[in-house]
> 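Take a look at this one; I'll ask things after.
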Amino acid sequence: MVSREHKRSAATLHEKLQLLRSITNSHALNKTSIIVDASKYIEDLKEKVQRLNQDMENNAQITSSSDHDDFNALPVQVSVKTLDKGFMINVLSEKSCPGLLVAVLEAFEDLGLNVLEARVSCADSFHLQAVGGENVEGESSMDAEAVKQAVMMSIKNWSETTEND
């Protein structure tokens, strides 16, 4: 005969497994598969954190290096404002910048930002105004400064590749 205590703990375990399944977007049905999917999800999150930390380190090195002056000479301005659920990102250059839009959108993707709304002008000048929202699955809250630094890093990388062409 199964005790009430055992039934209650089994029900609690089942609820927690279902919660874990939903958080990790797992489609698994058995306990072992749910746990394996959760483990993979955690590893993916660790990799994202490592990439962000590495990007921030690289940005700190750029800031402290002498070629930082070259970066400031770029005719591109970036501003980021925090919204209720995401960020308002503005990128402005007085001259046309072929390929810059792709570089900025790749930075959004690396950050896990979804473009919710955007206006872009690339004719004689470059102007991007975008609203980016964080992916819900990550649940990691980033700040406007981290977004700005990532966008600026992508602009710097874009600048270096266009200079080499």
> Determine, stepwise, if the pair E160 / N157 fulfils side chain to side chain contact (heavy atoms under 4.5 Å, CB included).
CA-CA 5 Å; E160 290 173 354; N157 293 339; 4.1 Å; yes
> Dump the intermediate steps for side chain to side chain donor-acceptor pair (under 3.5 Å) on E145 and Q149, then the final yes or no.
CA-CA 6 Å; E145 188 60 31; Q149 294 300 324; 2.5 Å; yes
> Kindly compute the distance separating CD1 (I34) from CG (L19), expressed to the nearest 0.5 Å.
11.0 Å
> Which heavy atom of V78 sits nearest a heavy atom of K148, and at what distance?
O-CE, 3.3 Å
> To the nearest 0.5 Å, what is the distance between CG (L101) and CD (E106)?
10.0 Å
> Side-chain contact, heavy-atom cut-off 4.5 Å: F108 with V151?
yes
> Would you call L128 and N90 a side-chain contact if the rule is heavy atoms closer than 4.5 Å?
no
> Nearest 0.5 Å, please: how far is CG in L92 from CD in Q129?
10.5 Å
> If every non-hydrogen atom of A107 is compared with every non-hydrogen atom of A150, which pair is closest and at what distance?
CB-O, 4.0 Å
> For atom CD of Q18, is the number of surrounding heavy atoms from other residues, nucleotides or ligands below 6.0 Å larger than 12?
yes
> Mark yes or no for whether T24, through its side chain, and L20, through its backbone, hold a donor-acceptor pair below 3.5 Å.
yes
> Compare all side-chain heavy atoms of V104 with those of W158 and state whether any distance is below 4.5 angstrom.
no
> Determine whether L52 and L105 fall in the same hydrophobic cluster, where Ile, Leu, Val, Met, Phe, Trp and Tyr are linked whenever their side-chain heavy atoms lie under 4.5 Å apart.
yes
> Can you find a pair of side-chain heavy atoms, one from D124 and one from K95, that are under 4.5 Å apart?
no
> Distance from L13 atom CG to K16 atom NZ, nearest 0.5 Å?
9.0 Å
> To check you understand the geometry: which heavy-atom pair defines the closest contact between S33 and N30, and what is its length?
N-OD1, 2.7 Å
> Under 4.5 Å between any side-chain heavy atoms of Y41 and S26, yes or no?
no
> Any chain of hydrophobic side-chain contacts (each under 4.5 Å) joining M88 to I155?
no
> Please check if M152 and V102 belong to a single hydrophobic cluster, counting links between Ile, Leu, Val, Met, Phe, Trp and Tyr side chain heavy atoms closer than 4.5 Å.
no
> Would you call V91 and V76 a side-chain contact if the rule is heavy atoms closer than 4.5 Å?
yes
> Decide yes or no for K48 and R51: does some side-chain heavy atom of the first lie under 4.5 Å from some side-chain heavy atom of the second?
yes
> I'd like to check V115 versus V131 (side-chain heavy atoms, cut-off strictly below 4.5 Å). Are they in contact?
no
> Treating T12 as the side-chain partner and R8 as the backbone partner, does any N or O pair qualify as donor plus acceptor under 3.5 Å?
yes
> Between atom OG of S93 and atom CZ of F126, what is the distance when rounded to the nearest 0.5 Å?
8.0 Å
> Is there a path of hydrophobic side-chain contacts, each under 4.5 Å between heavy atoms of I/L/V/M/F/W/Y residues, joining L116 to I89?
no
> Nearest heavy-atom pair of A28 and R21: which atoms, and what distance?
O-NE, 2.6 Å
> Would you call K46-E43 a salt bridge at under 4.0 Å N-O?
yes
> To the nearest 0.5 Å, tell me how far S121 OG sits from R119 CZ.
11.5 Å
